[in-house]
**Student:** 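Dropping a structure here in structure tokens format, bear with me for questions.
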Amino acid sequence: MASNSRVVKEREGAEIVYGSEECHRHSIELLQELGFPKGVLPLQDLVECGRVRETGFVWMKQKAPSEHYFEGTKTLVSYGVEVTAYVEKLKMKKMSGIKSKQMLLWVPITEMSIDDPKGKKIFFKTPMGIGKSFPVTAFMTIQEKEEYLQVQDKEEEEVMIKEN
């Protein structure tokens, strides 16, 4: 019963949305606000999403657990029925409900962040503090990746013009 009251307390004052379309829109807006690519949390059949702005606590509930294979990182990731985290700009911490398949083991992912000021890498951390980074483009939607690469090309052109 104590864990149930903790959950209620964590969610006090939350903005909550229900239904697949509303939850999908809410989760994409959240990822964009935090500075993450739209494809980093490919949750399916969302039924409820919530956010407590004062504490940064967020949760997303799916109808059933799901798995997603990230081609860009060659990683299989499992998402529980409920994914939770405490969020701030460029960081999600105290995450629950996410596991990554490493060799033959499912390893919980408890934190993800973008430390690079240009946002080129996403760093994922386990409860043991061990982590791995991947290019941010590996988690972008096709449209995001095209826009990102256009900006990168433009920046490279500007650098070349300044150097000449």
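Here the structure is a predicted model, which is why all the values come from computation and not from measurement. When a residue number appears, it is its place in the shown sequence, counting from 1.
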**Student:** Could you list the donor-acceptor pairs under 3.5 angstrom formed by side chains in residues 74-82, with sequence neighbours left out?
**Tutor:**
| residue | atom | partner | partner atom | Å |
| --- | --- | --- | --- | --- |
| K74 | NZ | E71 | O | 3.3 |
| K74 | NZ | E71 | OE2 | 2.9 |
| T75 | OG1 | T73 | O | 3.0 |
| T75 | OG1 | T73 | OG1 | 3.0 |
| E82 | OE1 | R11 | NH2 | 3.1 |
| E82 | OE2 | R11 | NH1 | 3.2 |
| E82 | OE2 | R11 | NH2 | 2.9 |

**Student:** Please report the interatomic distance OG(S20) to CD(E48), rounded to the nearest 0.5 Å.
**Tutor:** 13.5 Å

**Student:** So, for P108 and K99, which heavy atoms are closest and what is the spacing to 0.1 Å?
**Tutor:** CA-CG, 4.0 Å

**Student:** Ignoring hydrogens and angles, write down the donor-acceptor pairs under 3.5 Å from the side chains of residues 121-138, residues two or more places apart or on other chains.
**Tutor:**
| residue | atom | partner | partner atom | Å |
| --- | --- | --- | --- | --- |
| T126 | OG1 | M128 | N | 3.4 |
| T126 | OG1 | I130 | N | 3.4 |
| T126 | OG1 | I130 | O | 3.1 |

**Student:** Please assess V52 against E12 for the test side-chain contact (heavy atoms from CB on, under 4.5 Å), listing each intermediate value before the final yes or no.
**Tutor:** CA-CA 7 Å; V52 182; E12 279 179 10; over 6 Å; no

**Student:** Does M92 reach the side chain of L31, with side-chain heavy atoms less than 4.5 Å apart?
**Tutor:**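 Yes, at least one pair of side-chain atoms sits under 4.5 Å.
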
**Student:** Does any part of the side chain of I98, heavy atoms only, come nearer than 4.5 Å to the side chain of T110, both counted from C-beta?
**Tutor:** no

**Student:** Does any non-hydrogen side-chain atom of Y18 lie less than 4.5 Å from one of V47?
**Tutor:**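 No. Closest side-chain heavy atoms not under 4.5 Å.
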
**Student:** If you measure from SG on C23 to CG on L30, what distance do you get to the nearest 0.5 Å?
**Tutor:**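 C23 atom SG to L30 atom CG measures 12.0 Å (nearest 0.5 Å).
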
**Student:** Any chance you could measure M140, atom CE, to F36, atom CZ, to the nearest 0.5 Å?
**Tutor:**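 One gets 12.0 Å once the value is rounded to the nearest 0.5 Å.
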
**Student:** Mind checking what makes salt bridge (Lys or Arg N to Asp or Glu O under 4.0 Å) contact with K94, not counting sequence neighbours?
**Tutor:**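 Not a single residue meets the salt bridge (Lys or Arg N to Asp or Glu O under 4.0 Å) criterion with K94.
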
**Student:** Any chance you could lay out the side-chain contact (heavy atoms from CB on, under 4.5 Å) test for C49 and I16, step after step, and finish with the verdict?
**Tutor:** CA-CA 6 Å; C49 293; I16 304 172; over 6 Å; no

**Student:** With clusters defined by side-chain heavy atoms of hydrophobic residues (ILVMFWY) lying less than 4.5 Å apart, directly or transitively, does I28 cluster with L90?
**Tutor:**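 Shared cluster, no.
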
**Student:** Could you check whether atom NE2 of H68 has more than 12 heavy atoms from other residues, nucleotides or ligands sitting under 6.0 Å from it?
**Tutor:** yes

**Student:** Find out if a path of hydrophobic residues (ILVMFWY) with successive side-chain heavy-atom gaps under 4.5 Å connects F70 to Y148.
**Tutor:**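 Shared cluster, yes.
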
**Student:** Where do S27 and L46 come nearest, in terms of heavy atoms and distance?
**Tutor:** OG-CD1, 4.0 Å

**Student:** Say whether, by atom type as modelled, one donor and one acceptor occur between the side chain of T55 and the main chain of F57 under 3.5 angstrom.
**Tutor:**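 Flag set: sc T55 to bb F57 pair under 3.5 Å.
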
**Student:** Within the structure provided, determine whether V58 and T84 are in side-chain contact (heavy-atom separation under 4.5 Å).
**Tutor:**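 Of all side-chain heavy-atom pairs linking T84 with V58, none is under 4.5 Å.
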
**Student:** Under the side-chain hydrogen bond (donor to acceptor under 3.5 Å, both in side chains) criterion, do Y86 and E111 qualify, and how do the steps go?
**Tutor:** CA-CA 9 Å; Y86 284 87; E111 188 173 304; over 6 Å; no

**Student:** If the condition is salt bridge (Lys or Arg N to Asp or Glu O under 4.0 Å), which residues does E146 pass it with, not counting sequence neighbours?
**Tutor:** none

**Student:** Go through the side-chain N and O atoms of E10 and W59 and say whether any donor and acceptor fall under 3.5 Å apart.
**Tutor:**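 Side chains of E10 and W59: no pair found under 3.5 Å.
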
**Student:** Only pairs at least two apart or in different chains count here, so list each salt bridge (charged side-chain N to carboxylate O under 4.0 Å, His left out) that has a residue in residues 29-41.
**Tutor:** R25-E29, E33-R51, E33-R53

**Student:** Answer yes or no: is there a side-chain heavy-atom contact under 4.5 Å between M112 and V40?
**Tutor:**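 They are in side-chain contact.
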
**Student:** Indicate, with yes or no, if L34 and V17 share a hydrophobic cluster defined by side-chain heavy-atom contacts under 4.5 Å among Ile, Leu, Val, Met, Phe, Trp and Tyr.
**Tutor:**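 Unlinked, V17 and L34 end up in two clusters.
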
**Student:** Look at the side chain of E144 and the backbone N and O of T141, then say whether any donor-acceptor pair between them is shorter than 3.5 Å.
**Tutor:**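 Side chain of E144 to backbone of T141, a donor-acceptor pair under 3.5 Å: yes, one is there.
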
**Student:** Only counting residues at least two apart or in another chain, list the ones meeting salt bridge (Lys or Arg N to Asp or Glu O under 4.0 Å) with K145.
**Tutor:** none

**Student:** How close do V83 and G97 get, counting heavy atoms only, and between which atoms?
**Tutor:**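 Looks like CG2-O, 3.9 Å.
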
**Student:** Identify whether the distance between the nearest side-chain nitrogen and carboxylate oxygen of K93 and E88 falls below 4.0 Å.
**Tutor:**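 A salt bridge links K93 with E88.
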
